[in-house]
Amino acid sequence: MDIKLSTGAVATLMKGGEVDKPVFQILGFKKIAGQGGNDRFRLNISDGLHSHTFAMLATQLNHMIPEGELDNNCIIRAEKLISNAVSEKRVLIILDLTVLAKGNAVGVKLGNPVQYAEQNGNAAGAVNGGKPNGSDQTDTKPAVKPEFTAKPSGAFYGQGKPTSVLKTSPHKNNASFSGMNASDCVTIPIRDITPYGSKSAIKARVTNKSVVRTWSNSRGDGKLFSIDLLDDSGEVRMTGFNTAVDAFYDLIKVNEVYTFSKFSAKPANKQFTSLNHEYEISFVNDTSVIPCMDTDSDSIPTLSFQFMEIAFIESCENNKMIDVVAVCKSRGDVHAFTSKTTNKDLKKREVTLVDRTNTEIVLTLWGKQAEDFEDDTNPVIAVKGVKVSDFGGKSLSMMNSSVMMINPDIPEAHILRGWYDNEGMNVPTKSLVQQRGSGGGANAPWKMVREASTVDPSSAESGYYFRSKVTILAIKRENALYKACPEERCNKKVMDCNNGMWRCEKCNKEHPDFKWRLILHACFGDSSDSIWATCFQEHGELVLDSKSDVLGPLNEEQDAFDGIIKKAVFKSYTAKFRAKMEVYNNENRLKYTVMELNPINYGEYAQKLLAEIKENVA
DNA sequence: CCCCCCCC
């Protein structure tokens with residue numbers, strides 16, 4: 001390979017001249033914080049003769065730096081350039097570039113470039129003119145030859161020979177950092193990681209390691225893994241993309257302590273982690289990972305939680321990732337099923353957790369963890385990074401990235417053990433599982449339908465409950481009835497096996513019969529507005545004044561069914577509704593469910609109106 | 001740069 005730097009290009013450009021697709025070596029870069037997170041990178045570029053820091057990376061190329069595409073010593077060809085004189089200073093903006101050689105492959109500074117002296121230039125005067133001075137314009141002159149093979153500088157770096165990285169580095173010996181600056185040896189507390197310190201190193205224990213995942217989307221594809229890192233100041237997630245996966249994935253072991261030097265940092269997206277850090281970090285091209293077997297690594301903690309007590313999960317945002325420590329009060333059976341959306345065969349087990357707030361919540365375990373969980377001794381369970389779901393009240397679900405510890409040796413666990421054995425096991429608990437037909441919204445306010453249908457979506461995240469006096473305006477007859485599993489508590493739709501049997505996916509059983517169930521969609525209105533709401537079984541039966549097992553067979557008989565609907569419309573009720581924000585086809589929409597439906601008690605209703613009038617008159 | 005993580 002023979003790459004030549006465009007000797008003299010820096011001087012030409014500084015004088016306002018043009019150079020076609022100059023080849024430079026990057027000697028360094030500096031992040032310049034811009035408004036609104038619009039950071040820019042200033043590059044120190046060299047043509048082998050001169051170096052200068054007048055080059056800016058176009059923001060659309062910013063990603064090349066954290067991605068490690070552009071790194072120190074790398075050689076680039078600037079495919080598109082804009083040269084501008086800005087208040088006596090010349091600025092070069094690189095709009096597009098090709099990396100001809102990665103920094104690690106080059107390993108050294110080429111030639112002996114000297115900082116281009118500003119006064120040599122004629123920046124301001126040459127905005128529109130300045131034909132290049134022929135003598136130093138071109139890239140045809142032989143330049144310094146990059147020493148591609150010169151230096152095994154990758155010895156401790158991701159792009160080098162990773163296997164040797166972890167095996168050969170002497171521990172406890174800073175000499176193992178040979179080739180790195182002294183400043184690289186200084187570790188900072190994880191707590192202090194920010195995107196603004198590129199020289200940082202941290203010494204941390206790996207508390208969790210993900211599987212390698214691949215992705216493919218409009219922006220491209222690749223693979224990645226992440227590890228959770230902990231020291232005595234805090235924790236942070238570190239992600240490795242593509243080459244970092246090849247270099248480090250197999251070598252990094254959970255529970256081991258390493259010094260990680262050089263990484264990039266960016267704000268952590270709290271939606272995907274329970275780790276207590278404002279930022280998350282990524283492997284870069286010259287990240288090094290050195291194991292620490294020294295005794296003082298014992299002082300680095302092995303786990304860290306920010307527990308949320310179960311009672312507080314009730315008001316916790318949906319999809320949030322949290323840590324919980326609780327007693328496993330009971331466990332359900334393993335339930336195998338096929339996901340309708342992904343067609344994947346899944347196994348789950350639900351366990352019920354309770355803590356000293358006397359509140360219980362269901363945690364769903366998946367796959368092998370679900371199968372393996374057979375502890376019936378009411379163990380204390382600590383989980384890190386479980387997802388809060390608002391399905392049927394509130395529940396928790398294990399994620400791939402979640403960590404579970406059974407009877408961990410931490411104070412909270414011992415306290416819970418004592419509490420449960422002496423007291424907790426006999427105390428009545430409140431469940432965050434929503435009871436059908438009630439649960440939540442006990443004090444649902446009276447609203448006109450109009451007020452409720454324009455409820456602030458954020459307050460409907462976990463269900464907004466209200467009461468209204470309403471009249472049924474219309475009923476949808478299609479799909480009002482379905483054939484359901486005959487099991488007592490299972491109302492899952494069954495599939496016709498076409499052999500006289502009916503299959504329930506939920507129970508994983510075939511039954512000789514089924515039961516009819518109702519899901520009635522009806523339009524409820526008052527003088528202000530109307531809404532479509534779902535009436536499940538009992539409410540549907542009340543609306544149609546018929547039992548579902550009678551309605552089922554009638555469903556086929558158009559006239560009889562229409563007659564029933566005709567009788568049902570224009571009846572009035574007092575109803576309790578739930579308005580809940582749901583995502584449907586990637587769109588938010590308010591979904592209404594009838595929670596209670598009662599014939600109007602006119603005496604009570606008149607009292608309510610009277611009270612309202614008095615309140616408004618006073 | 002991922003961010004999917006499942007089922008009712």
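Order of the sequence lines sets the chain letters (A, B, ...), proteins ahead of strands, with each chain counted from 1. Side-chain atoms are counted along with the backbone in the values below, which use heavy atoms only and exclude waters and symmetry mates.
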Next on the checklist: Suppose we screen for ring-ring contact (aromatic ring centres under 6.0 Å, His included). Which residues come up paired with A:Phe373, at least two apart in sequence or across chains?
Outcome noted: none
Item to check | Spacing of A:Leu224 atom CG relative to B:dC3 atom P, expressed in whole Å | outcome: 7 Å
Item to check | Among B:dC8, B:dC7, B:dC3, the one nearest A:Lys348 by side-chain distance | outcome: B:dC7
Item to check | Within 6.0 angstrom of A:Asn499 CG, more than 12 heavy atoms from elsewhere | outcome: yes
Next on the checklist: Is A:Phe241 stacked against the base of B:dC2, taking the criterion as centroid distance under 5.5 angstrom and interplanar angle under 30°?
Outcome noted: no
Next on the checklist: Using whole Å, what does the distance between atom C1' of nucleotide B:dC3 and atom NZ of A:Lys320 come to?
Outcome noted: 16 Å
Item to check | Nucleotide B:dC4, atom C1' - distance to CE of A:Met398 in whole Å | outcome: 16 Å
Next on the checklist: Taking any heavy-atom pair under 4.0 Å as a contact, classify A:Glu67: base, sugar-phosphate, or nothing.
Outcome noted: base
Next on the checklist: How many whole angstroms separate atom CD1 of A:Ile519 from atom C1' of B:dC8?
Outcome noted: 12 Å
Item to check | A:Asn378, A:Asp376, A:Asp375 screened by side-chain hydrogen bond (donor to acceptor under 3.5 Å, both in side chains) with A:Arg331, the one that passes | outcome: A:Asp376
Checklist entry - NZ of A:Lys347 versus P of B:dC8: gap in Å, rounded? => result 17 Å
Next on the checklist: So if I take every side-chain heavy atom of A:Phe272 and compare against B:dC7, B:dC6, B:dC3, which nucleotide ends up nearest?
Outcome noted: B:dC3
Item to check | Which atom of A:Ser216 lies closest to which atom of A:Asp221, heavy atoms considered | outcome: CA-CB, 3.6 Å
Next on the checklist: What's A:Ser339 touching, base or sugar-phosphate or nothing? Going by heavy atoms closer than 4.0 Å.
Outcome noted: sugar-phosphate
Checklist outcome for this item: Closest of B:dC2, B:dC7, B:dC5 to the A:Arg219 side chain is B:dC2
Checklist entry - CG of A:Asn400 versus P of B:dC2: gap in Å, rounded? => result 17 Å
Next on the checklist: Using heavy-atom distances to pick each residue's nearest nucleotide on DNA chain B, tell me which of A:Met399 and A:Ser389 is more 5'.
Outcome noted: A:Met399
Checklist entry - For the pair made of CG in A:Leu396 and P in B:dC8, what is the distance, rounded to whole Å? => result 19 Å
Checklist entry - Quick one: which of B:dC6, B:dC7, B:dC3 gets closest to the side chain of A:Asn269? => result B:dC3
Next on the checklist: OP1 or OP2 of B:dC6 versus the side-chain N and O atoms of A:Ser397: is any pair under 4.0 Å?
Outcome noted: yes
Item to check | salt bridge (Lys or Arg N to Asp or Glu O under 4.0 Å) partners for A:Asp228, two or more places apart | outcome: A:Arg237
Checklist entry - Any donor-acceptor pair under 3.5 Å between the side chain of A:Glu280 and the base of B:dC2? => result yes
Checklist outcome for this item: CD of A:Glu79 to CD1 of A:Ile94, rounded to nearest 0.5 Å, is 10.5 Å
Checklist outcome for this item: Among the nucleotides B:dC3, B:dC8, B:dC6, whichever has the atom closest to the side chain of A:Arg213 is B:dC3
Checklist outcome for this item: Side-chain atoms of A:Trp215 come closest, of B:dC6, B:dC3, B:dC8, to B:dC3
Item to check | Interatomic distance where CG belongs to A:Asp390 and P belongs to B:dC8 [whole Å] | outcome: 15 Å
Checklist entry - Using a cut-off of 4.0 Å on non-hydrogen atoms, how would the nucleic acid contact of A:Lys223 be classed: base, sugar-phosphate, or nothing? => result nothing
Checklist entry - Between A:Lys344 and B:dC7, is there a side-chain N or O to OP1/OP2 distance below 4.0 Å? => result no
Checklist entry - Is any side-chain N or O of A:Lys492 closer than 4.0 Å to OP1 or OP2 of B:dC8? => result yes
